[in-house]
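Read the structure below first, then the notes.
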Amino acid sequence: MKFMKLGSKPDTFQDQGKGVRYVSSELATDVTIIVGEVIFYLHKFPLLSMSNKLQKLVSKANEENSDVIQLVDFPGGSRAFEICAKFCYGMTVTLNPYNVVAARCAAEYLEMTEEVDRGNLIFKIEVFLNSSVFCSWKDSIIVLQTTKSLRPWSEDLKVVGRCIDSIASKTSMDPSSITWSYTYNRKVAVSDKITEVGMKFPGKLESVPKDWWVEDICELEIDLYKRVMVAIKSKGRMDGSVIGEALRTYAMRWLPNSIEALVSEAHSRRNKSLLETIICLLPYDKGVTCSCCFLLKLLKVAILVGADDSSRDELVKSISLKLDEASVNDLLIPARSPQTTVYDVELVKCLVNRFMARERSSRDKNIPPKSTNDFILGHASWLKVGKLIDGYLAEIARDPNVSLSIFIELLQSIPDSARPIHDALYEAIDIYLQEHSSLTKAEKKHLCGLMDVRKLTMDASMHAAQNERLPLRTVVQVLFFEQIRAAAGVQTLNHRNTDAVDSSRMTEKEYWQKTLPEKQNVSKPSSEIKIKGEDPQKNMKLVKKGSKNRSSGPQLMPSRSRRIFDKLFTGKVSSNGENRSSETSGSSQSPTLRIIQAEMKSSCASSRNRRNSIS
């Protein structure tokens, strides 16, 4: 902190108590000046020699035969006037960042200019401001904080503007050229660390981060903070990510953590103004803006404090650009009246729709992917949002007030290409069926029909096959496609065994050709004959029986699932030749069974065609 001393005479101002101050001198005082509630008994000559304002006021008082002068609305109050009076007497005056603005405003009020006397107080204070205060990072911030109580004088004298420009210019400097101290308590191992960049120790001092200035300006009140941030952004040298970090740090510093404190009557208006200011300062460029987590937290606060619609729309727009970075917990935004759900599902649906519309637009402009791998690499954000919404569906599925229509609308907002695997969707649907037991059979069938059982993993399929909450049709589909998957796995395994036998044959032939003389008749190993004589069907059964995990081959379905499958697809033939099912109530097959059997026939036919083409 910088100081400046003016004058050389000792301080002879005496405090008599009860708001009375006088100068200890042999000469009697001849003028009384009242500033606020403090009375000063002083001498005219030293004051009039420095202040043009006091010359006018004393002259007017003499015309009225009075020696009392009252200074109304004096900037800085009695303390600032005392500094000016001491300067007039030539006494030692110490200026510092805490009192320099008040002294400058007081000197301006008293018209202590160069026209009155050379080297007057205004000139000396300006020298101190320009040579010391505005060159110092910390002092510029301190001075800016003191200007608020001195408006409009500090504004008219451009002290506020010069402080803001000094701060903004320093934040835009190359971090490697920083030579002053700054506060940096974030992302460091030692708490409350003050980095003295001026003291450079090679190998010990870390490089100055780009956001070195963020915490120091957090001490400013919101109106001054806004002006500083606007000035920093107008320089055009600051990354949007650093701006976002500054806003995040300021929000954490001033926004309360508890909901009660946010919405309390004493602070709700202040919190609302603060939040709306932060939102208007947000950078909105994709890739350089704030994190999606921070934006969603701001959105939660905006809903709680009742921020205006424009601020909320700006947040929704910014969040929709980076929705793929969010987590499920970030999306759990409490619903407000008149909504009856626990969380604001409509808001999340709006975010998803905006994100998907933008993704589709950008995808249409690009060249279509050549393969599935190209699609996954080029649309990673697409897949992340699909996984995110499936997790969110599992959370809201526990809410009894979430209607089936709302649940399905959010489910269908994600396209099929964003769900390569339906395990998370199956989990969400299962939770919804468990918590909403009053659903009709038709509603359950419709809901489960939105899930593609072919996209379930082995574990999910095993669980679904024994899930009593699922409709019978869904269970049958799971079992059917698991049978097809198992058959395809066995067929692939048989082909691998045949390839291995062929390679072993070639190896043995080469071995015998190398070890025995040419044209010598040697019988083939007996292992080859045994393999040729094996029954393929028997071999298939042995492979199934021997497989115990996924790595060694396909697993058999649980015995309960196999019984269900057998009952559905194995009818008992009566003496009249009619096919009867033990699980149906009528003599004829149900429409569902006929559809599944048709699907099974077509799938089996396609499977045979594939086997013929391979062979």
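Taking a 6.0 Å sphere around NZ of K297, one finds it holds 12 or fewer heavy atoms contributed by other residues, nucleotides or ligands. Environment of CG in D174: crowded, with over 12 heavy atoms of neighbouring residues, nucleotides or ligands closer than 6.0 Å. Within a 6.0 Å radius of CD in Q339, other residues, nucleotides and ligands contribute more than 12 heavy atoms. Within 6.0 Å of NZ in K210 there are 12 or fewer heavy atoms belonging to other residues, nucleotides or ligands. Within 6.0 Å of atom CD1 in I421, 12 or fewer heavy atoms from other residues, nucleotides or ligands are found, so the atom counts as exposed in its surroundings. Under a cut-off of 6.0 angstrom, the local environment of NZ in K387 is sparse, with at most 12 non-hydrogen atoms contributed by other residues, nucleotides or ligands. Counting heavy atoms of neighbouring residues, nucleotides and ligands inside a 6.0 Å radius, atom CE of M252 does not exceed 12 of them. More than 12 heavy atoms of other residues, nucleotides or ligands sit less than 6.0 Å from atom NZ of K455.
Ion pair D430/R469 flagged as a salt bridge, since at least one NZ, NE, NH1 or NH2 atom sits closer than 4.0 Å to an Asp/Glu carboxylate oxygen. With respect to K235 and D165, a salt bridge is recorded, a charged nitrogen being found less than 4.0 Å from a carboxylate O. Ion pair K384/E325 not flagged as a salt bridge, since none of the NZ, NE, NH1 or NH2 atoms sits closer than 4.0 Å to an Asp/Glu carboxylate oxygen. No salt bridge links K317 with E314; every basic N to acidic carboxylate O contact stays at or beyond 4.0 Å. Using a 4.0 Å cut-off between charged nitrogen and carboxylate oxygen, E126 and R162 count as a salt-bridge pair. Ionic pairing of E215 and K138 is not present here: no N-O contact between side-chain nitrogen and carboxylate oxygen is shorter than 4.0 angstrom. Salt bridge status for D223 with R151: present, with a side-chain N to carboxylate O gap under 4.0 Å.
Side-chain contact check for W153 versus T147: every heavy-atom pair is 4.5 Å or farther apart. Under the 4.5 Å side-chain criterion, counting only non-hydrogen atoms from C-beta, P400 is not in contact with E435. Side-chain atoms of I408 and H446, non-hydrogen and from C-beta on, do get closer than 4.5 Å to each other. Looking only at side-chain heavy atoms (C-beta outward), T113 and N52 stay at 4.5 Å or farther from each other. S291 places a side-chain heavy atom less than 4.5 Å from the side chain of F294. Contact check for L282 versus L315: side-chain heavy atoms found under the 4.5 Å cut-off. The side-chain heavy atoms of D324 and L388, taken from C-beta on, include no pair separated by under 4.5 Å. Within the 4.5 Å cutoff, side-chain heavy atoms of L351 are placed close to those of L296.
The backbone N or O of S403 lies less than 3.5 Å from no partner atom in the side chain of H436, so there is not a single donor-acceptor pair. The closest donor-acceptor contact from the side chain of S51 to the backbone of L110 lies under 3.5 Å. The closest donor-acceptor contact from the side chain of T277 to the backbone of S273 lies under 3.5 Å. Checked by atom type and distance alone, the side chain of S132 never pairs as donor or acceptor with a backbone atom of L129 at under 3.5 Å. Here the side chain of R358 pairs no donor or acceptor atom with the backbone of R354 at under 3.5 angstrom. Side-chain atoms of D330 do not come within 3.5 Å of backbone N or O of C293 as any donor-acceptor pair. A donor-acceptor distance shorter than 3.5 angstrom exists from the side chain of D399 to the backbone of N401, with no hydrogens or angles considered. Side-chain N or O atoms of E108 include none that pairs as donor or acceptor with a backbone N or O of L157 at under 3.5 Å. At distances below 3.5 Å, at least one donor-acceptor pair connects side-chain atoms of T146 with backbone N or O atoms of V143. For the pair N96 (side chain) and Y98 (backbone), a donor-acceptor distance under 3.5 Å is present.
The closest side-chain donor-acceptor pair between N271 and S268, if any, does not fall under 3.5 angstrom. At a cut-off of 3.5 Å, with distance as the only test, a side-chain donor of S311 or D308 sits close to an acceptor on the other residue. T457 and D423 share a donor-acceptor pair across their side chains, judged by distance under 3.5 Å alone. No hydrogens or angles considered: nothing links the side chains of S318 and K322 as a donor-acceptor pair under 3.5 Å.
Shortest non-hydrogen contact noted between V348 and L410 is CG1-CD1, 4.5 Å. In plain terms, the two heavy atoms of L150 and P75 that are nearest each other are CD2-C, 4.2 Å. Contact record, A246 with V214: CA-CG1, 3.5 Å, taken as the closest heavy-atom pair. Considering all non-hydrogen atoms of both residues, T94 and N99 come closest at O-ND2, 3.1 Å. When all heavy atoms of W213 and V242 are compared, the pair lying nearest together is CZ2-CG1, 3.6 Å. For L331 against Y392, the heavy-atom pair with the smallest separation is O-CE1, 3.5 Å.
Below 30°, between 30° and 60°, or above 60°: for W254 and Y250 the angle between ring planes is between 30° and 60°, a tilted geometry.
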Would you sort out whether E82 and F40 count as a side chain to side chain contact (heavy atoms under 4.5 Å, CB included), showing the intermediate values?
CA-CA 9 Å; E82 185 173 338; F40 292 88; 4.2 Å; yes
Before giving the answer on side chain to side chain contact (heavy atoms under 4.5 Å, CB included), spell out for F87 and K124 the whole-Å C-alpha distance, their side-chain angles and the decisive distance to 0.1 Å.
CA-CA 11 Å; F87 178 82; K124 292 184 179 297; 3.8 Å; yes
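In this structure, CG in L275 is found 11.0 Å from CZ in R312, a value given to the nearest 0.5 Å. Note that the CG atom of L95 and the CZ atom of R104 stand 12.0 Å from one another [nearest 0.5 Å].
Between Y426 and H422, the distance from one ring center to the other does not fall under 6.0 angstrom.
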